[in-house]
Amino acid sequence: MHRLVHPVAAPFPMLLIGCVGLLLGWTVIGLAGLVRPRSVVLAGRLLFPLGALLGLALALLAGASLLGGGIERLILPIGLPNLPMHLRLDPLSSIFLLLLGASSFGISLFAGGYFRVGEGTAPGLLCLQYHLFLAAMGLVLIADDAYSFLVAWEVMALASYFLVTTQHRIAEIRRAGFIYLLMAHVGAICLLLCFGVLQGGSWHFTFHAMRSAHLSLGWATVAFALALLGFGAKAGLVPLHVWLPEAHPAAPSPVSALMSGVMLKTAVYGMLRVGLDLLGRPVWWWGLAPLILGLFTIVYGVLFAAVQTDMKRLLAYSSVENIGMVFTGIGLTIVFAGSGLKVFAALALLATLYHCLNHAFMKSLLFLGTGSVLHATGERNLGRLGGLIHRMPWVAWLTLIGTLAIAGLPPLNGFVSEWLLLQSFLFTGHLPHAFVNLLIPMAMALVVLGAALAGYVMVKFYGVIFLGQPREAALARAQDCGWLERIGLTWLALGCVALGLFPLQVIRALGAVTQQLVGAVVPQSSSHWWLLAPVPERSVSYAPLVFLTATLAVVLMTVLAVRLAYRQRERRGPAWDCGAGNLTARMQDTAEGFGQPIRHLFQPFFQIERELPEPTDRAPRYRVVVRERIWRLMYEPISGAVEGLANTAARLQQGRISVYLLYSFLTLLVLLAVALIR
Amino acid sequence: MTHLPLYQQLLDSCAALLLLLSFAMLSQRRVVALVNLYAVQGAVLAATTLLLAWRTGEDHLYVSAALTLALKVMLLPWLLHRLIRRLQVHRDTEPLLNVSGIMLVGLVIVVFAFSLAQPITRLASTATRSAIGIALAVVLLAFLMMITRRKAVSQVMGFLSMENGVLFGAMSASYGMPMIVELGIALDVLVAVLVLGVFFFQIRERFDSLDLHHLESLKEHQ
């Protein structure tokens with residue numbers, strides 16, 4: 001049986017060709033940066049905005065493909081002989097391409113204003129790495145065979161590695177880059193093995209052949225586990241998340257935004273592609289692994305986010321938490337789909353995809369916001385920031401939108417996806433498996449805990465950076481960001497608002513994806529276009545526009561009432577001084593102080609080193625370092641074992657020529673003896 | 001007892017002489033003497049080739065014999081002698097540990113080589129097939145010599161002697177290699193000696209000695 005027969009002659013792949021053209025365009029823009037590598041004007045004012053426009057075009061193409069809901073294929077004769085490049089554009093690819101295009105539009109615009117001369121790698125070279133990174137991510141999403149997928153995957157990893165180590169003169173950053181590269185390779189090996197299992201003995205590595213390969217349950221489980229490891233390492237699933245909090249603070253902010261906002265999502269894409277598409281109908285208990293790991297990741301990430309004092313590290317842990325949410329959603333989807341509950345599976349998948357979209361916008365927005373703060377103040381340490389809302393109103397207000405969104409407050413987008421996720425948890429009682437249908441609803445409490453703590457983390461993040469009084473005198477000289485950066489931030493903030501206010505339209509567009517992957521759409525009543533209800537027969541519903549209107553009305557009425565009641569008797573005074581006067585910056589709550597209750601309550605999670613000053617100390621210094629136990633429990637034994645093995649092998653190397661000659665002599669003798677015996 | 005023809009007796013004696021020379025090189029301490037032994041070994045090889053050429057009437061074996069004579073008896077020994085003079089190591093002796101032990105190991109190797117050569121000997125149809133074992137033994141003994149020496153020059157001698165063994169083996173098994181291969185090998189050996197000569201100077205410049213244990217310091221330390 002020949003498995004490579006292509007189904008029905010496909011229509012002309014216009015949109016797919018358009019996508020390929022745009023990816024090529026990104027590559028060309030990147031190469032153009034090499035014409036004058038030292039020129040900030042060329043890269044920043046021309047090439048990055050141009051790349052942003054291509055991103056917008058990609059988003060439009062992907063949107064058109066998503067609404068059309070069709071599947072396009074293309075075989076390009078590039079690559080090794082007899083191994084052409086298979087490409088495919090289907091709803092699942094389209095939604096992630098949309099995510100890539102739309103968020104890269106904002107990030108590239110911001111990057112155009114962000115990169116300066118003299119910060120490590122030259123701007124032109126950065127431009128090349130950046131656009132190659134974008135193009136590789138695009139190629140990952142449209143690849144339709146394992147070769148192209150892995151090549152694109154590795155290009156993506158390498159390009160981002162070089163972007164992370166932009167400031168390669170700093171040893172700390174080189175170390176962070178190394179950890180990232182190491183984890184990326186461990187993940188890539190898992191994926192390589194995974195595809196090796198998936199081809200199921202046919203030795204055809206197109207995804208089409210993998211879909212029709214019939215694996216035994218054991219091998220399919222192995223493939224699923226390998227995919228979970230490989231994609232989990234890229235996404236930052238605990239305990240494979242260790243590169244995230246190292247790489248994000250090291251990378252320039254637009255790169256952090258791109259990595260956290262988009263690159264982590266390519267891992268989610270891969271997980272969905274393998275788990276729900278290539279493996280066919282999943283077995284329900286596979287879903288328990290991503291579900292349990294996801295729940296643990298949520299709590300772990302948010303707890304560590306709460307005790308961070310470096311703003312980008314804090315956001316990195318918050319990304320870990322959000323990836324936990326996404327993998328929880330994937331786990332639920334697989335559990336439902338494997339049990340044959342298609343509509344509920346569609347709902348869980350919807351929550352997953354929606355959360356991916358949301359996170360791409362809000363996390364990019366926040367990382368870019370920290371980038372502006374970093375440029376204006378040169379400071380990443382929360383303990384030396386504060387009061388920046390007066391100095392940098394644009395950044396502060398736009399970041400506020402992202403902060404509220406990621407904290408999960410209505411009517412912004414974070415609320416919608418978390419609400420959908422919780423709704424799909426409520427249906428786990430319908431599962432036909434004893435105990436599981438009792439335990440999973442209880443696990444929902446962890447999601448709620450994570451969501452609540454995320455709010456806590458965001459209050460800390462925003463409050464310490466932007467509110468209160470400046471903690472350092474130098475902060476008074478901070479400047480607001482430039483116009484390109486403002487456009488980029490505004491675009492992402494608008495995305496957060498739009499995704500929050502018009503969930504129904506988004507969900508309708510996502511219908512094509514759920515139809516493709518789990519064979520169902522979430523039914524929507526067509527009469528109420530403003531009302532979001534997950535399943536019509538239940539009475540829960542959410543109407544963001546009504547919520548917004550009501551909130552605005554209440555606020556307006558309160559303001560008017562206060563104005564009317566206290567006319568002429570208003571007076572401006574210093575905030576929060578309670579009449580005492582003379583508040584100084586040192587009296588404010590600090591990042592450490594704010595996180596202290598969490599550190600105290602969840603002590604077993606942390607490995608804390610603390611230095612307390614003596615009461616008589618003239619120059620008291622308080623120092624606390626919170627580390628992850630996972631380094632000592634998991635990574636240090638592994639690295640120790642590897643090093644021991646390497647040292648044993650190194651004993652062969654004596655440095656004496658006669659010993660080396662002896663090795664080859666003995667080898668020769670043994671080989672001859674073997675030949676003699678046979 | 002069968003009577004061997006004269007040429008066969010001559011060939012076997014030459015082969016035995018080659019093996020004897022290999023043992024002599026293995027136990028020789030003085031560098032200059034090593035070069036002389038190598039020249040003698042080359043001469044025996046050339047004589048064997050000539051004998052074989054006369055016996056079989058293969059033209060290219062005459063060329064091979066001439067080449068061996070020119071290269072291994074004259075040019076290379078002359079080059080090596082000059083090198084030794086210029087490096088001023090002609091008085092160098094090498095502390096060989098446990099000569100009798102090395103000789104015993106050499107004996108074991110010869111036995112091993114002969115048992116190894118047996119199946120090949122049965123397959124081969126040449127007049128010199130009994131010498132295949134000796135050729136293998138010469139190669140392995142040269143290898144053993146390289147392992148037990150510490151001076152750079154003696155290691156090169158081991159390398160060259162090994163090449164003699166290979167050539168002899170090829171000749172015994174199939175009347176020599178194709179002409180082009182033989183020429184190539186000859187050129188290779190010449191170039192190798194020239195390059196190694198340059199290395200000797202570099203090594204001495206760096207360490208003030210040609211003792212190879214100094215190179216151990218090049219090893220990467222933890």
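In this text the structure is predicted, and so the values were computed from the model without any measurement. The chains referred to below are lettered A, B, ... by the order of the sequence lines, with proteins before strands, and numbering in each begins at 1.
- Heavy atoms of B:Gln155 lying under 4.5 Å from chain A belong exclusively to its side chain.
- Summarising the local packing, CD of A:Glu636 is surrounded by more than 12 heavy atoms from other residues, nucleotides or ligands at distances under 6.0 Å.
- Residue-environment remark: CZ (B:Phe159) stays at or below the threshold of 12 foreign heavy atoms within 6.0 Å.
- In terms of heavy atoms, A:Leu661 sits closest to B:Phe143 at O-CE2, 3.4 Å.
- With a 6.0 Å radius and a threshold of 12 heavy atoms from other residues, nucleotides or ligands, B:Phe112 has its CZ atom above the threshold.
- When the shell of 6.0 Å around CZ of B:Phe199 is examined, it contains 12 or fewer heavy atoms from other residues, nucleotides or ligands.
- At a 4.5 Å heavy-atom cutoff, the contact between A:Ala673 and chain B is made by backbone and side-chain atoms alike.
- Residue A:Arg632 qualifies as open at atom CZ: its count of foreign heavy atoms under 6.0 Å is 12 or below.
- Only the side chain of B:Ile109 comes within less than 4.5 Å of a heavy atom in chain A; its backbone stays farther off.
- Between B:Ile147 and A:Val659 the shortest side-chain heavy-atom distance does not fall below 4.5 Å.
- Taking each heavy atom of A:Leu668 and B:Leu140 in turn, the nearest pair found is CD2-CD2, 3.8 Å.
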